[in-house]
Amino acid sequence: LGPDSLPTQNIGQLLSVYVDTAADKNQNTIYIGSNSSGIWKTTNGGQNWHNVTDPSLIPLLGITSITGDPTNGDIIYASTGFTFLNRGLTGGVGAIKSTDGGVTWSQILSWTPNYNKSVFQILIDPIETKRIYALEDSALMRSNDGGGNWQAIFICPPVPTINGYPGETRMLRNVVMKPGDNNTLYVVSDSKYPDGSSNRQAV
């Protein structure tokens, strides 16, 4: 869906989806994140879509995850960036936040794309909804004030040296919260060696 409709360019990727169950009990309000054109929104269950990030003029490269405050449908968070061959080699602008249901967006945990960093996921504490977590490359970041201030609470160690070559920095890929226990998190990283071998490794 743009900026041009060409028959040879129907190869866009959708990397994330979020269904608003806080403000829309019929679940017809849906946000999707693309690899190159920001966030799109529908309010009629997917019949029509419109881009909600373009008007904010944030230089988005891709949207890796979208999530919303479970108690307030106006508050939406998204992580930005894109990966090449599943590595964080192309940068985003950190994380973004909307407080008006996607009409306007502002940067949180922000930097310019020149930093070549990506945020792979945003997680909201369902009990303390101003407490949010973000996976910033190899760091697990936490904010206790809805994205105003951040601190790294875990840094994933690099891959050990193998065959005389230093391993690459691990990228954190997913974080989930233990059901019923908002003080316990589970984080998963990748693990890639210089010789091309790779595997998933829990940390």
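None of the values given here were measured: they were computed from a predicted structure. Atoms considered below: every heavy atom in the structure, side chains included; atoms not considered: hydrogens, waters and symmetry mates.
Scanning all heavy atoms of the two residues, the minimum distance from Asp69 to Ala22 falls at O-CB, 3.8 Å. Nearest heavy atoms, Ser98 versus Val103: OG-N, 3.9 Å. Residues Gly81 and Ser118 share a closest heavy-atom pair of CA-OG, 3.7 Å. For Leu109 against Glu136, the heavy-atom pair with the smallest separation is CD1-OE1, 3.6 Å. Nearest heavy atom pair, residue Tyr133 against residue Trp150, reads C-CZ3, 4.3 Å. The minimum heavy-atom distance between Ile96 and Thr53, with the atom names listed, is CD1-CG2, 4.2 Å.
A donor-acceptor contact shorter than 3.5 Å links the side chain of Asn51 to the backbone of Ser37. When atom types are taken as modelled, the side chain of Thr80 and the backbone of Gly94 share a donor-acceptor pair closer than 3.5 angstrom. A donor-acceptor distance shorter than 3.5 angstrom exists from the side chain of Tyr31 to the backbone of Gly101, with no hydrogens or angles considered. Under a 3.5 Å cut-off, the side chain of Ser189 and the backbone N or O of Met171 do not form any donor-acceptor pair.
Side-chain contact between Tyr18 and Ile32: absent, with no pair of heavy atoms (C-beta onward) separated by less than 4.5 Å. At least one side-chain heavy atom of Ile76 sits under 4.5 Å from a side-chain heavy atom of Trp105. Here the side chains of Thr21 and Pro70 are not in contact, with every heavy-atom distance at 4.5 Å or above. With a 4.5 Å cut-off on side-chain heavy atoms, Tyr186 and Val188 do not count as touching. The shortest distance between side-chain heavy atoms of Leu172 and Leu140 falls below 4.5 Å.
Thr42 meets the side-chain contact (heavy atoms from CB on, under 4.5 Å) test with Ile30, Asn44, Trp49; sequence neighbours excluded. Taking Thr104 as the reference, Asp100 meet the side-chain hydrogen bond (donor to acceptor under 3.5 Å, both in side chains) condition, with sequence neighbours excluded. Checked against salt bridge (charged side-chain N to carboxylate O under 4.0 Å, His left out), Asp125 has the following partners two or more places apart in sequence or in another chain: Arg131. Residues satisfying the side-chain hydrogen bond (donor to acceptor under 3.5 Å, both in side chains) test with Ser79, not counting sequence neighbours, are Thr64, Ser65. With sequence neighbours left out, Gln107 forms a side-chain hydrogen bond (donor to acceptor under 3.5 Å, both in side chains) with no residue at all. Every residue two or more places apart in sequence or in another chain was checked for a side-chain hydrogen bond (donor to acceptor under 3.5 Å, both in side chains) with Ser56, and none qualifies.
Atoms CD and CG, on Gln151 and Asn144 in that order, are 6.5 Å from each other to the nearest 0.5 Å. The CD1 atom of Ile75 sits 11.5 Å away from atom CG of Asp20, with the distance rounded to the nearest 0.5 Å. Separating the CE atom in Met177 from the CG atom in Asn183 is a distance of 8.0 Å, to the nearest 0.5 Å. Summarising the geometry, atom CG belonging to Leu123 is positioned 12.0 Å from atom CZ belonging to Arg142; distances are rounded to the nearest 0.5 Å. Taken from NZ in Lys97 to CD1 in Ile122, the straight-line distance is 11.0 Å, to the nearest 0.5 Å.
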- Query: Does the side chain to side chain contact (heavy atoms under 4.5 Å, CB included) test come out yes or no for Thr99 and Asp74, once each step is laid out?
  - Reply: CA-CA 5 Å; Thr99 58; Asp74 286 334; 5.7 Å; no
- Let me see the working for Leu14 and Trp40 under side chain to side chain contact (heavy atoms under 4.5 Å, CB included), right down to the final yes or no. CA-CA 10 Å; Leu14 299 180; Trp40 296 73; 6.0 Å; no
- Message: Asp24 vs Thr29, test: side chain to side chain donor-acceptor pair (under 3.5 Å). Steps then yes/no.
- Response: CA-CA 6 Å; Asp24 185 353; Thr29 300; 2.8 Å; yes
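Ile127 and Ile124 fall into different hydrophobic clusters, where Ile, Leu, Val, Met, Phe, Trp and Tyr are joined by side-chain heavy atoms under 4.5 Å apart, directly or via other members. In this structure, Leu135 is not a member of the same hydrophobic cluster as Ile155, with clusters built from ILVMFWY side-chain heavy atoms closer than 4.5 Å.
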